[in-house]
Amino acid sequence: MSTEKPAPTTAAEPVSTDPVDRVIRYHIQTKHHFNRYARALGYLDWANQPDPFRRFEGAPLISLPLLKPDDEPVSPSYDAIYQRGAARSQAVTVPMLSRFLEFALALSAWKRAGDTQWALRSNPSSGNLHPTEGYLVLPQIEGLDLRHGLYHYAPKEHGLELRAEFPVYQVARCLAPFPPQSFLIGLTSIHWREAWKYGERAFRYCNHDAGHAIGTARIAAATLGWKMVLLDGAAEDTVAMLLGTDRKEDFNDAEREHPDCLAVVWPTEDVERDAKIEIPLFVEGAVVGDLAKCTWHGKANRLSRENPVPWEIIDDVAVASWKSAVERLMLSLSPPAMDDASRETSDTGPNAGKIIRQRRSAVAFDGHTSITAATFFRMLQRTMPRADRPQMDRPMPWDVWPYEPAIHLMLFVHRVEGMTPGLYMLVRDPEKLPLLQQSVNQELTWTLVQDGPDDLPLYWLLEGNAQKVAAQVSCHQEIAGDSAFSLGMLAEFEGRLRQMGAWFYPRLFWEAGLLGQVLYLEAEAAGVRATGIGCYFDDPVHELLSCKELIFQSLYHFTTGGPVEDRRLMTLPPYEHLTRHT
Ligand SMILES: Cc1cc2nc3c(=O)[nH]c(=O)nc-3n(C[C@H](O)[C@H](O)[C@H](O)COP(=O)(O)O)c2cc1C
């Protein structure tokens, strides 16, 4: 993205030590401007490119079986994963964990151009640099033929590396508050992988990617009839202790991992019928402390030849947004809301696994493919979290998310049949309509789109051809204008940070990534394609709406349309390297 030279350092200013001020400072400093990109090295140091595959040398590797698309259980239809109860709940077994990880974090293909070959994954990543690492905490589960403990997922091998042998009773104690057969998934980020290319803006991209991975994991769980909820009440120290990212002795001179989040996953069988179950949205630090006093295996591999280029502001924002407090929140696993439970389930249409496996980013759009208004509305409906409902009654994947939505979509409609091209706004939390209206240009029309579904708060703001301006504000990337529509994710910013605390800054990007993941799959299901856009000129986007100060900030862009394939690239299957010699 940025190939500009770093901007000259400005004279020292008094720096606030307030964590919210610090994350805001990071945000402002890492904006791209028309005349100056956020600071990066200014060139790609190929010799020092980080290895995209972390391994823990010395940790036993357990290979997971490579399931074929038609191996049982065949995925439900793509539509069925969005209907509560429509996907049959599977027991937690090694093949089912294999499928879960395949859809969440595995390789999805290799691409080859000349002598160069690189892997793609189920989870997209800014610059395909893949800073996100995945972990599982497995208790003893009947029928699961795996030792209890902490595992690191190795995507190239599609295997689990046993990092820690948590004692059986300790891990059972840690998971006791959750439904039967629950296990944990943890995500971490290696900031250096993104910083190698993108410099100071990398912390944003790592968190977008974490959000995408939360999305791929939640959706993978849905294909197996499993639920998943972020345990975001946990303190970050606890997450670090549980996932072993705080173990200096295992990292030596290897690039460190930043603990992002934990989530609990469980099969729904036997759970839904009990209306009274409450689960904590955290794990106890003391319990994890006991758990971590066990035998650990493996030393992290070094990813780059030279030491990472230090970007102080990334370290500073990582510290400022560290979540030090635990919130002892409880979540009620309520029975399904009537309208969801009574909805007819459909098992027609494309298979969910097929859509997940075929997901790719478009590298270019054809500038003429349109989508119907019905398709457009359906895509937008999938992004609606139904903030008026309790968390577990929200539609998948929004049931994973323990917060009120903070992001609204500013849409550039280019080629949607029956819709006037121009600028629109999807208000994902209808209660925020007044805040949005007060914070932008008072001359915008805010006309509710009448022919959309009743429950879609989609407003028409401005008429006109927005193709040029969409591309211009997206770092001059034509993909934002040649598509059917593109969008900017407008986040409730300073108010939300002051209310929640600096630790909420990464969560804003997670929500953006999760939204992006929903839209990526929706595009595939609609027969078109999408691309996430992390490179955009921040303030010029805000100026389009005359957005006041820091009330709203655009955190991620996205585009969807008719793709143009790059025929110079060859596509190879994801795991041929594992099966070639057998
Ligand atoms: C957070 C994020 C930001 C991205 N930004 C851009 C972008 O600005 N321009 C672009 O062409 N692609 C962008 N992409 C697409 C990635 O390049 C793509 O996901 C990656 O190459 C992996 O390919 P895949 O999505 O086909 O698996 C972005 C993806 C993510 C997840």
Side-chain angles (χ1 to χ4, degrees), residues 1-3 30 32 37-38 40 52 102-113 116-132 155 187 189 191 193-195 197-198 201-216 260 355-365 407 470-483 486-489 491 506 508-521 523-524 528-538 541 554-561 563-566 569 571-572 574:
M1 294 174 197
S2 161
T3 49
T30 56
H32 286 327
Y37 284 88
E102 179 200 344
F103 289 170
L105 298 170
L107 305 193
S108 57
W110 288 89
K111 288 279 176 186
R112 188 183 290 165
T116 324
Q117 184 166 306
W118 62 97
L120 300 179
R121 305 194 196 180
S122 299
N123 53 320
S125 165
S126 187
N128 200 31
L129 296 164
H130 288 286
T132 314
L187 299 176
S189 294
H191 294 153
R193 285 215 183 104
E194 288 284 332
K197 183 169 181 189
Y198 298 121
R201 204 166 157 102
F203 186 76
R204 297 180 179 211
Y205 296 148
C206 288
N207 284 297
H208 283 132
D209 285 8
H212 275 284
I214 292 169
T216 55
D260 290 324
I355 298 294
I356 293 169
R357 285 193 194 91
Q358 75 178 47
R359 186 211 61 78
R360 299 277 183 278
S361 293
V363 288
F365 292 102
I407 295 183
Q472 193 183 33
V473 295
S474 292
C475 295
H476 309 291
Q477 299 184 84
E478 287 175 355
I479 50 174
D482 287 342
S483 55
S486 61
L487 59 92
M489 300 191 190
L508 291 175
F509 288 91
W510 299 354
E511 186 180 338
L514 181 50
L515 266 164
Q517 196 54 34
V518 169
L519 289 170
Y520 258 121
L521 296 187
E524 297 290 339
V528 285
R529 187 142 277 180
T531 307
I533 300 183
C535 191
Y536 56 90
F537 298 117
D538 299 65
V541 176
S554 190
L555 296 191
Y556 189 21
H557 285 215
F558 212 79
T559 184
T560 300
V564 179
E565 293 298 324
D566 186 342
L569 301 186
T571 306
L572 304 162

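Order of listing sets the numbers, starting from 1, for every ligand and every atom in it.
Atoms of ligand 1 found under 4.0 Å from any heavy atom of D209, numbered from 1 in the order shown, are 1 (C), 31 (C). For ligand 1, the atoms closer than 4.0 angstrom to any heavy atom of H212 are 31 (C). Residue contact check: C535 has heavy atoms under 4.0 Å from atoms 8 (O) of ligand 1.
Residues S361 and Y520 are in side-chain contact: their nearest non-hydrogen atoms beyond the backbone lie under 4.5 Å apart.
Residue-level proximity to ligand 1 for V363 is absent, since no heavy atom of it falls below 4.0 angstrom. Of the heavy atoms in H208, only side-chain atoms (C-beta onward) come closer than 4.0 Å to ligand 1.
Salt bridge absent: R121 and E102 never bring a charged side-chain N and a carboxylate O closer than 4.0 Å.
Scanning C475, A512, G534, G211 for the heavy atom closest to atom 5 (N) of ligand 1 points to G534. Of the candidates Y205, W118, Y556, it is Y556 that places a heavy atom closest to atom 31 (C) of ligand 1. The closest heavy-atom contact to atom 6 (C) of ligand 1, among the options A119, G532, A210, G513, comes from G532. Distances from atom 17 (O) of ligand 1 to the heavy atoms of S361, G127, C206 show the closest one on G127.
Using cut-offs of 30° and 60° for the angle between ring planes, the Y37 and H32 rings count as perpendicular.
Ligand 1 has at least one atom lying under 4.0 Å from a heavy atom of R359. Contact between Y536 and ligand 1 is absent, with no heavy atom of the residue lying under 4.0 Å from the ligand.
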Pair Y205, H212 - check ring pair (Phe, Tyr, Trp, His ring centres under 6.0 Å), show working. CA-CA 10 Å; Y205 296 148; H212 275 284; over 10 Å; no
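Inclusion of Q477 in the set of residues having an N or O under 3.5 Å from an N or O of ligand 1 is warranted.
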